[in-house]
Amino acid sequence: MAAPHPTAMDTPTGSHPSRPADRPANRSTNHATAPGPGHPYHPENHHTTALTHALVAAGRGYPVIPLTRAKLPAVRSPHHADQAAAPCRGACGRPGHGIHDATADPLAVRRLFAAAPWATAYGIACGVPPHHLIGIDLDTKHGADGLTALHLLASEHHFALPPTVTVRTPSGGHHLYFSAPPTPPVPNSAGRLAPGIDIRGTGGYLVGPGSHTSRGTYHLIPGTPRTPAPAPAALLHLLTHSPHSSLPHTTPPRPSLHTPTNPAPALLRFVRTAPNGQRNARLFWAACRAHESGLGQEMATALTTAALHTGLTEREARATIASAARR
């Protein structure tokens with residue numbers, strides 16, 4: 001989906017200590033006006049554009065830091081030559097502490113960008129006031145289908161996904177932004193909920209729209225809400241608990257495969273549409289969800305048939321399903 005050139009950012013978006021190789025030969029801090037819509041970007045404009053968007057984000061209360069084209073914190077650590085046992089998290093008062101530098105003070109933001117004229121992107125700290133932001137990275141790389149997986153989770157756990165700030169990533173994926181209570185903290189994770197779903201929580205950050213990276217530019221989706229929607233309670237529970245910690249210790253009654261709320265059709269569709277590179281991962285995840293729902297034995301044959309449809313052998317499919325049953 002194409003997005004117009006963003007001249008002002010309504011909210012933030014995902015990623016990581018600076019390397020000299022990330023710095024372009026031209027270290028100019030050109031602060032000329034950013035080009036208008038349709039005007040081709042030039043490398044010397046990326047720094048100014050990132051700073052402009054970072055200042056808008058800071059103006060809305062989001063703590064930000066400058067990032068390199070590789071989506072890493074751009075200000076080099078002042079302790080890179082130190083042999084200290086305990087890491088400094090900014091107590092020394094100098095910049096260069098990654099996410100611990102994040103600030104919404106516009107003057108401090110300008111100082112950080114001035115210290116890193118090679119920065120072409122910016123990061124927004126998650127898990128901090130006022131929004132305690134959670135970023136959901138829905139990936140499309142390596143055959144993953146994060147969006148389908150998220151909708152499957154929403155259907156399985158009976159929650160709706162409200163309209164919220166949405167950013168299109170250079171790879172064609174999406175970042176969804178949700179606000180959350182200050183506790184419990186939401187941990188960062190990659191693929192824990194499902195293949196293609198990464199989470200940015202406390203201690204993490206999101207790459208903001210208007211950022212330019214080695215992969216391309218992040219764009220705010222047209223018509224996106226101005227502020228992140230509150231995360232649904234069921235989604236928060238998934239993000240803050242291990243996959244099995246919410247299950248009762250006694251064996252729950254097994255729902256019928258024919259009840260309208262059972263997850264079987266969606267799980268089978270999830271397996272059957274798996275591309276190469278994701279077949280085993282999707283089958284394992286779906287088998288785990290089936291066992292959690294009390295449908296493990298009933299769905300074993302159907303899951304095997306769905307896996308055969310993707311090209312897996314019966315032996316491979318049964319081994320994967322048996323592995324999920326032992327979790």
Side-chain angles (χ1 to χ4, degrees), residues 6-16 49-67 71 73-75 89-91 93 95 97-113 119 121-138 150 159-169 174-189 198-211 218-221 223-241:
T7 56
M9 191 202 73
D10 287 318
T11 68
T13 208
S15 314
H16 323 272
T49 301
L51 172 59
T52 299
H53 283 269
L55 286 170
V56 173
R60 298 186 184 278
Y62 296 101
V64 300
I65 55 172
L67 302 178
K71 302 188 293 186
V75 181
R89 296 184 175 180
H97 299 85
I99 195 63
H100 303 292
D101 289 345
T103 177
D105 182 328
L107 181 58
V109 172
R110 289 183 179 277
R111 286 173 177 166
L112 286 173
F113 272 81
Y122 67 100
I124 299 167
C126 295
V128 296
H131 297 291
H132 301 280
L133 198 65
I134 300 169
I136 300 183
D137 182 356
L138 304 177
L150 182 61
F159 65 86
L161 290 168
T164 192
V165 178
T166 305
V167 172
R168 187 169 181 83
T169 70
H174 293 87
H175 289 174
L176 305 184
Y177 302 85
F178 292 100
S179 62
T183 57
V186 173
N188 297 281
S189 64
D198 295 345
I199 304 299
R200 299 289 182 267
T202 301
Y205 57 86
L206 300 161
V207 177
S211 293
Y218 288 72
H219 292 287
L220 196 67
I221 295 294
T224 188
R226 294 175 60 85
T227 56
L235 176 59
L236 273 176
H237 185 83
L238 288 175
L239 297 176
T240 55
H241 292 72

Original post:
Is there a side-chain contact (heavy atoms from CB on, under 4.5 Å) between Ile199 and Asn188 once you walk through the steps?
Top reply: CA-CA 5 Å; Ile199 304 299; Asn188 297 281; 5.9 Å; no
Subject >> Test side-chain contact (heavy atoms from CB on, under 4.5 Å) applied to Thr164 and Thr227, step by step >> reply: CA-CA 7 Å; Thr164 192; Thr227 56; over 6 Å; no
**OP:** Evaluate side-chain contact (heavy atoms from CB on, under 4.5 Å) for His131 paired with Tyr62, printing each intermediate quantity in order.
**Re:** CA-CA 8 Å; His131 297 291; Tyr62 296 101; 3.1 Å; yes
Original post:
Stepwise, does the side-chain contact (heavy atoms from CB on, under 4.5 Å) test hold for Leu51 with Arg110?
Top reply: CA-CA 7 Å; Leu51 172 59; Arg110 289 183 179 277; 4.1 Å; yes
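Counting heavy atoms from C-beta outward, Leu138 and Leu176 have side chains that approach closer than 4.5 Å. Residues Lys71 and Tyr218 form a side-chain contact, since some pair of their non-hydrogen atoms from C-beta on lies under 4.5 Å apart. The shortest distance between side-chain heavy atoms of Ile65 and Phe113 does not fall below 4.5 Å. Within the 4.5 Å cutoff, no side-chain heavy atoms of Pro63 are placed close to those of Thr103. Taking the side chain as every heavy atom from C-beta outward, Val109 and Leu107 never approach each other to under 4.5 Å. With a 4.5 Å cut-off on side-chain heavy atoms, His175 and Thr166 do not count as touching. Proximity of Leu236 to Ile134: side-chain heavy atoms (C-beta onward) are separated by under 4.5 Å at one or more points.
Considering every non-hydrogen atom in both Gly210 and Thr49, the closest pair reads O-CG2, 3.8 Å. Of all non-hydrogen atoms in Thr240 and Pro185, the two that sit nearest each other are CG2-O, 3.8 Å. A pairwise comparison of heavy atoms in Leu55 and Pro106 identifies CD2-O, 3.7 Å as the closest pair. Summarising the geometry of Gly61 relative to Pro130, their closest heavy-atom pair is O-CD, 3.2 Å, with the distance given to 0.1 Å. Heavy-atom minimum distance, Thr202 versus Gly127: OG1-CA, 4.0 Å. Looking at every heavy atom in both residues, Cys126 comes nearest to Gly201 through CB-O, 3.2 Å.
Exactly one of Ile221, Leu220, Leu133 qualifies for a side chain to side chain contact (heavy atoms under 4.5 Å, CB included) with Val165. That residue is Leu220.
Remark: side-chain polar atoms of Tyr122 are paired, donor with acceptor, to backbone N or O of Pro209 under 3.5 angstrom.
Here Asp137 contributes atom CG and Ser189 contributes atom OG; the two are 10.5 Å apart, rounded to the nearest 0.5 Å. Rounding to the nearest 0.5 Å places OG1 of Thr224 at 14.0 Å from NE2 of His219.
By the side chain to side chain contact (heavy atoms under 4.5 Å, CB included) test, Pro162 pairs with Phe178, Ala229, Pro232, sequence neighbours left out.
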